[in-house]
Amino acid sequence: MCVYVTSCEEQTEALAALLAEGSKPGDVLLLEGGLGAGKTAFVRGLARGLGADASEVSSPTFALLHIYPGRLTLCHFDLYRLGPGEAEELGFEEYFFGTGVCAVEWPDRAASLLSGARTRTVRLEGSGEDTRTIKLEGFDALPEPGRLLALGIRRAQ
Ligand SMILES: Nc1ncnc2c1ncn2[C@@H]1O[C@H](COP(=O)(O)OP(=O)(O)O)[C@@H](O)[C@H]1O
Ligand SMILES: [Mg+2]
């Protein structure tokens, strides 16, 4: 596991953008953390790193899925409102086992479907106008320390 500390939304976005540079087709990022933890901010950074239009990434939204074209297609899921068993009915496998990059907020709502996918976990902790601890698990490539330093992002572990 690798742990980073960001002190503002922009840093969280920048960290995600760096991670997106190393992402490959079929990557599924599970974004864990409570309301306001910064999951959507992280997805905005992923969009930027994939060359998609980050300004369109927003929350709250009533759509379960948004698709942003980029170097790789970014499939942004916000499953907060999904009921048990609904993910299967909606055919989300097509995306979870597809050729784009998936970023999934509230992945526990689709745990059984996601268990076979090529998942990496991003756990965001903290709330309010403050720092966030961001724990990464399962990533093949991590950002170069020098680039993080330039952005003011600290590595905690
Ligand atoms: N270090 C940080 N990283 C991300 N967001 C932060 C940070 N510090 C404060 N914030 C604020 O927290 C909120 C995160 O909102 P959002 O990304 O929509 O959360 P979520 O999608 O997890 O519900 C934003 O208002 C953002 O400005
Ligand atoms: Mg959100």
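Each ligand, and each atom within it, is numbered from 1 in the order the structure gives.
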*For ligand 1, note which part of Cys8 has a heavy atom under 4.0 Å away: side chain, backbone, both or neither.*
backbone
*Is it the side chain (CB and beyond), the backbone, both or neither of Gln11 that lies under 4.0 Å from ligand 1, heavy atoms counted?*
neither
Against ligand 1, does [X] come closer than 4.0 Å with any heavy atom?
{"X": "Gly128", "result": "yes"}
{"X": "Gly33", "result": "no"}
{"X": "Gly126", "result": "no"}

*Inter-residue atom distance Phe92.CZ - Leu114.CG, 0.5 Å rounding*: 10.0 Å
_Would you compute the distance between atom OH of Tyr95 and atom CG of Leu90 and round it to the nearest 0.5 angstrom?_
10.0 Å
*Residue pair Thr6 / Thr12, side-chain donor-acceptor N/O under 3.5 Å*: yes
Residue and atom name of the nearest protein heavy atom (relative to [atom]), distance in Å to one decimal:
{"atom": "atom 24 (C) of ligand 1", "result": "Glu9 OE1, 3.9 Å"}
{"atom": "atom 17 (O) of ligand 1", "result": "Ala41 N, 2.9 Å"}
{"atom": "atom 18 (O) of ligand 1", "result": "Ser59 OG, 3.0 Å"}
{"atom": "atom 25 (O) of ligand 1", "result": "Glu129 OE2, 4.3 Å"}
{"atom": "atom 6 (C) of ligand 1", "result": "Arg132 NH2, 3.6 Å"}
{"atom": "atom 23 (O) of ligand 1", "result": "Gly36 N, 2.8 Å"}
{"atom": "atom 8 (N) of ligand 1", "result": "Asp130 O, 2.8 Å"}
{"atom": "atom 3 (N) of ligand 1", "result": "Thr12 OG1, 2.6 Å"}

Quick check on contacts: which atoms of ligand 1 are under 4.0 angstrom from a heavy atom of [X]?
{"X": "Gly34", "answer": "22 (O)"}
{"X": "Leu35", "answer": "23 (O)"}
{"X": "Glu105", "answer": "21 (O)"}

Test of understanding: clusters of I, L, V, M, F, W, Y form through side-chain heavy atoms closer than 4.5 Å, transitively. Do [X] and [Y] belong to the same one?
{"X": "Leu74", "Y": "Val28", "value": "no"}
{"X": "Phe42", "Y": "Val104", "value": "no"}
{"X": "Val5", "Y": "Leu151", "value": "no"}

_Min side-chain heavy-atom separation Trp106-Lys39 under 4.5 Å_ = yes
*Are any of the side-chain heavy atoms of Pro107 and Leu79 separated by less than 4.5 Å?*
no
*Has ligand 1 got any nitrogen or oxygen that is less than 3.5 angstrom from a nitrogen or oxygen of Thr131?*
no
*Do any N/O atoms on Ala37 end up under 3.5 angstrom from N/O atoms on ligand 1?*
yes
*CA sep, side-chain torsions, deciding dist, call: Tyr68, Thr73, side-chain contact (heavy atoms from CB on, under 4.5 Å)*: CA-CA 6 Å; Tyr68 310 104; Thr73 301; over 6 Å; no
*2.8 Å cut-off met by an N, O or S atom of Glu105 to the Mg ion (ligand 2)*: yes
*Under 2.8 Å: N/O/S of Thr40 next to the Mg ion (ligand 2)*: yes
_Step-by-step side-chain hydrogen bond (donor to acceptor under 3.5 Å, both in side chains) determination, Thr40 to Glu105_ = CA-CA 8 Å; Thr40 300; Glu105 299 189 45; 2.7 Å; yes
*Got a salt bridge between Glu137 and Arg123, using NZ or NE/NH1/NH2 to carboxylate O under 4.0 Å?*
no
_Steps toward side-chain contact (heavy atoms from CB on, under 4.5 Å) verdict (Arg120, Leu136)_ = CA-CA 7 Å; Arg120 289 94 177 80; Leu136 305 180; over 6 Å; no
